[in-house]
Amino acid sequence: MSKIETYQVPVLEDNYVYLLHDAEIGVTAVVDPAVVEPVLDAADFKGWKITHILNTHHHGDHTGGNIEIKKRTDCTIVGSRNDKSRIPGIDIEVGDGDTYFLGNAKAQIFDVSGHTQGHIAYWFEESHSLFCGDTIFAMGCGRLIEGSPAQMWEALSKLTALPDETLIYCGHEYTEANGNFALTVEPENTDLLARMKQVRSMRRNGIPTVPSTMAVERTTNPFLRPDSVELQKTIGLIGAEAVEVFAETRARKDRH
Ligand code: ZN
Ligand code: FE
């Protein structure tokens, strides 16, 4: 098994595309190519030849470059079996519990439906890297466009079972806005206060706040913290089930 090198490409307003490179075998995957030219330019800059596309979900800001990049590089497109009809140019279908090898680098696939149906995440254990699209964001989670709170809670629960050191490579730079909301439900969370100070200064200087780690998300992401007494108190659900606390937190974020 081998480790992947990751190169982050900011595109559009706030999307992140990732290039994953396995030097041993010489393969390079693009995770969620929103666009074409900036992705091809980034691969050229690194001297990497694109061989694969890995999609997390069907939204245009994650698949918009699929067809043209495939045309230009003859790459193989990997996507969700449960959403194959909406993944442009899909060649290889994967689903929950599958392992997929990018060169020698092994990825475990999770179905993490909730933002969309058939949304998947790729976990490269050796590299401690999780590519989760629009499920977990730094201090946030994806909007429930196609799924229920219970479904998203199940998805988040699968991902939070991963180790503390897991690097969370999500699809968007939404961190500062997410953190501003988080502070409304956990105003006295000292980890959150400290993180937001850091995040604001990073954003002022144009520095990406992604990836974060699972350890950091556990202490500061309200959507992963239904056990927080402060959160339960703020939203008026002391002692409620985790899924209820999650659902109410998500509903409040939608209105924020
Ligand atoms: Zn999306
Ligand atoms: Fe998105």
Side-chain angles (χ1 to χ4, degrees), residues 6-20 29-39 42 53-69 77-90 93-96 109-123 129-156 158-159 167-182 203 208-212 217 221 223-224 246 249-251 253-254 256:
T6 300
Y7 184 71
Q8 187 166 14
V9 189
V11 301
L12 303 176
E13 277 285 281
D14 51 33
N15 276 78
Y16 286 125
V17 174
Y18 302 99
L19 296 180
L20 316 186
V30 188
V31 178
D32 284 352
V35 291
V36 179
E37 298 305 334
V39 172
I53 288 172
L54 308 181
N55 287 126
T56 63
H57 68 294
H58 74 90
H59 284 156
D61 64 321
H62 298 257
T63 58
N66 273 25
I67 296 298
E68 183 64 19
I69 291 173
I77 300 182
V78 182
S80 173
R81 181 176 303 123
N82 289 345
D83 199 18
K84 58 184 173 191
S85 62
R86 298 191 295 182
I87 304 295
I90 189 169
E93 298 164 15
V94 294
D96 198 48
I109 312 298
F110 298 99
D111 187 293
V112 286
S113 293
H115 175 67
T116 63
Q117 294 303 332
H119 194 308
I120 56 173
Y122 301 80
W123 179 44
S129 297
L130 174 70
F131 298 89
C132 60
D134 294 354
T135 53
I136 297 183
F137 293 123
M139 293 184 277
C141 79
R143 281 189 300 133
L144 306 182
I145 298 176
E146 298 176 7
S148 65
Q151 198 177 25
M152 184 59 127
W153 176 245
E154 194 192 325
L156 296 177
K158 279 184 203 175
L159 299 182
L167 295 163
I168 302 177
Y169 291 95
C170 58
H172 294 268
E173 176 66 54
Y174 288 162
T175 314
E176 192 168 0
N178 286 340
N180 286 333
F181 167 74
R203 293 314 295 153
T209 63
V210 174
S212 67
E217 293 310 315
N221 187 328
F223 300 102
L224 308 182
F246 167 74
T249 308
R250 185 59 255 182
K253 174 69 167 65
D254 291 339
H256 183 66

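Ligands are counted one by one from 1 in listed order, and the atoms in each one are counted from 1 as well.
Looking only at N/O/S atoms, His115 comes nearest to the Zn ion (ligand 1) through NE2. Within His59, the N, O or S atom lying nearest to the Zn ion (ligand 1) carries the name ND1. Atom OD2 is the N, O or S atom of Asp134 at the shortest distance from the Fe ion (ligand 2). No other N/O/S atom of His172 lies as close to the Fe ion (ligand 2) as NE2 does.
Between the side chains of Asp61 and His172, at least one donor N or O sits under 3.5 Å from an acceptor N or O. For the residue pair Asp134/His62, the side-chain donor-acceptor check at 3.5 Å is satisfied.
Using a cut-off of 2.8 Å, one finds that Asp61 contributes an N/O/S atom close to the Fe ion (ligand 2). Among the backbone and side-chain atoms of Asp61, none of the N, O or S atoms lies under 2.8 Å from the Zn ion (ligand 1). Within the coordination shell of the Fe ion (ligand 2), defined by N, O or S atoms under 2.8 Å, His62 is present. With 2.8 Å as the limit, His119 does not count as an N, O or S neighbour of the Zn ion (ligand 1).
Partner of His115 under the side-chain hydrogen bond (donor to acceptor under 3.5 Å, both in side chains) criterion, out of His59, Arg143, Glu146: His59 alone. Of the listed residues (Ile120, Thr116, Val112), just one forms a side chain to side chain contact (heavy atoms under 4.5 Å, CB included) with Thr135, and that residue is Val112.
If you look at Tyr169 and Tyr16, their ring centroids are not closer than 6.0 Å.
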Kindly determine whether Ile53 and Asn66 satisfy side chain to side chain contact (heavy atoms under 4.5 Å, CB included), including the steps that lead there. CA-CA 7 Å; Ile53 288 172; Asn66 273 25; 3.6 Å; yes
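Geometry about the Zn ion (ligand 1) gives an angle of 100° between NE2 of His57 and OD2 of Asp134, rounded in steps of 10 degrees.
For the pair Arg86 (side chain) and His58 (backbone), a donor-acceptor distance under 3.5 Å is absent.
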